[in-house]
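Notes for the one structure printed next.
Given the structure is predicted, the values throughout are model-derived calculations rather than measurements.
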Amino acid sequence: CGITIRFTKNQRTKIDNMKKTLKIIGTIIILLILSIGVYYVTTNEPLPEGVQGKEADKLAEKMMTAINKRAFDNTEILTWSFRQKHHYIWKKQEGLVTVSWDDISITLNLNDHSKSIGNSPELIKTALDFFNNDSFWLVAPYKVFDDGVERSIVNYNNNDALLIKYTSGGSTPGDSYLWILDSTYVPTSFKMWTQIIPIGGVSGTWNDLITADSGIKLPTTHTLSLFGMKIDMGEVKAYNPNADKLAHTILKAIKHEAYKNTRFIDWSFRDKRFYKWDKEQHIVEVRWNDAKVLLHPNELDKSVVYLNDKEVSYNENLVKRAFRFFNNDSFWLVAPHKLFEPGIYRSIEMIDGKKALHVKYTSGGSTPGDSYTWIIDINYVPTSYKMYVPSMKMEGVPATWEDWIETASGTLLPTNHTFLSGNTLSMGAVKGYN
């Protein structure tokens with residue numbers, strides 16, 4: 001016998017509504033699958049073929065110079081977060097990272113994972129995976145010469161791009177990234193081929209950069225081509241407290257407070273150019289041959305020109321020449337007193353097992369981009385430096401800073417320099433007074 005089930009009107013309505021809902025959900029799923037399929041077909045890119053070798057390494061070196069890899073190597077502390085979920089304090093020189101999320105805090109020892117501190121091995125492993133992923137989004141361009149990295153050069157939109165493949169290390173070896181560079185070789189974006197994203201060639205921006213206190217370029221946000229997804233890196237910082245402490249110690253040793261209060265400084269350069277500098281007014285008398293310029297470095301058009309001690313009409317060429325002389329020749333006298341001026345980045349380097357102070361000038365003077373490593377004695381007075389001047393192809397050229405005198409105003413200034421060739425640069429009769 002058959003059983004007939006009868007539904008009330010309300011029950012039949014509910015069933016009909018359920019069928020309609022299931023149909024809508026099914027349609028949405030089908031459309032979503034189709035959309036993903038279309039998106040995959042239209043956006044998926046095969047991994048490009050690059051050429052390994054010297055040209056690829058040369059391109060990578062140019063990128064390293066542009067983002068200041070040397071400063072990255074010497075950076076002491078980096079802090080950032082990843083999507084406001086994972087938070088980091090990385091003591092880079094010590095190989096220690098504090099990783100925190102929710103109410104969990106883990107201290108990773110990157111040099112010896114067994115010395116990491118956490119509630120359980122599982123949480124330590126989770127923290128390491130977080131760090132491997134999240135630090136990549138902060139410092140990836142600095143790692144192109146790490147072990148297990150292959151570099152290739154690729155023609156992308158008629159420009160050279162750098163293809164990087166990670167063959168080992170991290171949490172996902174085998175991933176590849178194509179770095180797109182601007183005209184100065186700073187990375188502005190990348191394309192990626194990774195295990196975690198099935199679509200090849202997804203791009204991400206790398207152009208929201210800051211120059212951190214340690215002198216390195218770091219991104220603060222990224223935008224992916226995958227549905228416009230954004231990645232916030234939080235409040236990004238990189239700084240060198242130990243280098244700053246060393247710089248302050250050097251300033252104390254050379255009596256920098258007295259230098260700041262010094263009104264007048266006299267000196268010469270190779271007995272060819274002669275200076276009287278009114279520091280308070282920032283006006284400099286510059287003499288050479290039969291010319292004299294009363295130089296106003298901050299307002300050159302106020303400068304006064306003399307020939308054979310007679311005032312002549314304003315001569316732009318002579319004024320600019322005096323300005324170049326002053327920038328160069330004053331550096332050889334007072335450079336150690338300028339360690340904290342704007343556009344200068346400080347870091348510690350080890351020279352013969354001892355701490356030295358590396359400074360890079362990114363603005364000011366005649367040749368921004370130059371850098372110097374100061375070697376100091378046991379009293380923290382500079383005794384020499386190594387010069388890195390790209391415009392003159394100097395790469396660690398040494399020169400001494402010697403025969404320091406204490407001036408009448410109480411500050412310390414050098415009177416002589418000696419070069420590797422044995423040649424001496426005399427600063428003449430150096431005076432500082434009020």
Side-chain angles (χ1 to χ4, degrees), residues 28-53 55-64 66-67 82-83 85-86 128-183 185-209 217-233:
I28 291 173
I29 291 173
I30 292 171
L31 290 175
L32 184 61
I33 292 172
L34 289 174
S35 297
I36 293 173
V38 170
Y39 186 87
Y40 178 85
V41 171
T42 57
T43 61
N44 183 61
E45 298 179 23
L47 180 66
E49 292 186 10
V51 179
Q52 297 185 33
E55 289 302 313
D57 287 350
K58 186 177 179 180
L59 181 61
E61 289 285 2
K62 288 179 177 178
M63 184 174 77
M64 294 294 92
I67 60 178
F82 187 79
R83 291 182 170 174
K85 295 181 179 180
H86 311 152
L128 183 60
D129 287 340
F130 284 164
F131 174 75
N132 285 339
N133 177 79
D134 301 351
S135 65
F136 182 89
W137 289 93
L138 186 74
V139 300
Y142 293 100
K143 301 171 69 64
V144 299
F145 281 99
D146 282 4
D147 292 338
V149 175
E150 293 179 352
R151 295 163 297 279
S152 303
I153 194 167
V154 170
N155 184 287
Y156 179 79
N157 290 341
N158 296 319
N159 290 304
D160 289 338
L162 184 66
L163 180 64
I164 298 299
K165 182 177 182 179
Y166 292 86
T167 61
S168 62
S171 300
T172 55
D175 294 350
S176 296
Y177 299 81
L178 181 68
W179 290 100
I180 291 89
L181 314 176
D182 67 12
S183 59
Y185 302 101
V186 173
T188 59
S189 62
F190 63 85
K191 287 179 170 289
M192 53 184 169
W193 289 262
T194 65
Q195 299 175 32
I196 196 170
I197 300 177
I199 300 172
V202 170
S203 64
T205 62
W206 204 278
N207 56 5
D208 192 3
L209 299 174
K217 295 183 183 298
L218 295 173
T220 58
T221 61
H222 305 283
T223 301
L224 303 185
S225 62
L226 189 65
F227 308 123
M229 185 185 302
K230 291 187 178 295
I231 297 176
D232 180 11
M233 303 301 293

Tell me if a side-chain donor or acceptor on T167 pairs with a main-chain N or O of G148 at a distance below 3.5 Å. yes
So how far is it from L181 CG to L59 CG, rounded to the nearest 0.5 Å? 5.5 Å
Interatomic distance, E45 atom CD to L178 atom CG [nearest 0.5 angstrom]: 9.0 Å
Provide the closest heavy-atom pair for V154 versus P48 in the form atom of the first, atom of the second, distance. CG1-CB, 4.2 Å
Might you work through the side-chain contact (heavy atoms from CB on, under 4.5 Å) test for L47 and L163, ending with a clear yes or no? CA-CA 10 Å; L47 180 66; L163 180 64; 4.2 Å; yes
Ring-plane angle category for Y177 and Y166, please: parallel below 30°, perpendicular beyond 60°, tilted otherwise. perpendicular
Check whether the side chains of D208 and T221 place a donor and an acceptor atom closer than 3.5 Å, and report yes or no. yes
Please check this pair: side chain of S225 against backbone of S203, looking for a donor-acceptor N/O pair closer than 3.5 Å. yes
Report yes if some heavy atom in the side chain of S152 is under 4.5 Å from a heavy atom in the side chain of V51; otherwise report no. no
I'd like to check W193 versus K165 (side-chain heavy atoms, cut-off strictly below 4.5 Å). Are they in contact? no
For L209 and I67, what are the C-alpha separation, side-chain angles and deciding distance, and is it a side-chain contact (heavy atoms from CB on, under 4.5 Å)? CA-CA 10 Å; L209 299 174; I67 60 178; 6.0 Å; no
Just by distance, no angles: are the side chains of T223 and K230 close enough, under 3.5 Å, to form a donor-acceptor pair? yes
Distance col, row N133:CG vs L128:CG, nearest 0.5 angstrom, shows 11.5 Å
For the student: nearest non-hydrogen atoms of M64 and P141, plus distance: CE-O, 2.7 Å
Spatial distance of atom NE2 (H86) from atom CG (D129) [nearest 0.5 Å]: 10.5 Å
Check the orientation of F82 and W137. Use parallel for under 30°, tilted for 30 to 60°, and perpendicular for over 60°. tilted
With a 4.5 Å limit on heavy-atom distance, are the side chains of L226 and M192 in contact? no
Determine, step by step, whether Y185 and E61 satisfy the side-chain contact (heavy atoms from CB on, under 4.5 Å) criterion, reporting the C-alpha distance in whole Å, the side-chain angles of both residues, the deciding distance to 0.1 Å, and the verdict. CA-CA 9 Å; Y185 302 101; E61 289 285 2; over 6 Å; no
Determine the minimum heavy-atom distance between H222 and T205, stating which atoms define it. ND1-O, 2.8 Å
Give the ring-plane orientation class for W206 versus F190, where under 30° counts as parallel, over 60° as perpendicular and anything between as tilted. perpendicular
All heavy atoms of L138 vs all of P219, minimum pair found to be O-CD, 3.2 Å
Distance, nearest 0.5 Å, that separates CZ of F136 from CG of D175: 7.5 Å
Backbone of G200 reached by a side-chain donor or acceptor of N44 within 3.5 Å: yes
Please test R151 against F145 for side-chain contact (heavy atoms from CB on, under 4.5 Å), starting from the C-alpha separation and ending with a verdict. CA-CA 8 Å; R151 295 163 297 279; F145 281 99; 3.5 Å; yes
How long is the span from the OG atom in S135 to the CZ atom in F130, to the nearest 0.5 Å? 13.0 Å
Closest approach of I197 to V202 (non-hydrogen atoms, all atoms of both residues): CG2-CG2, 3.9 Å
Does any non-hydrogen side-chain atom of K143 lie less than 4.5 Å from one of V149? no
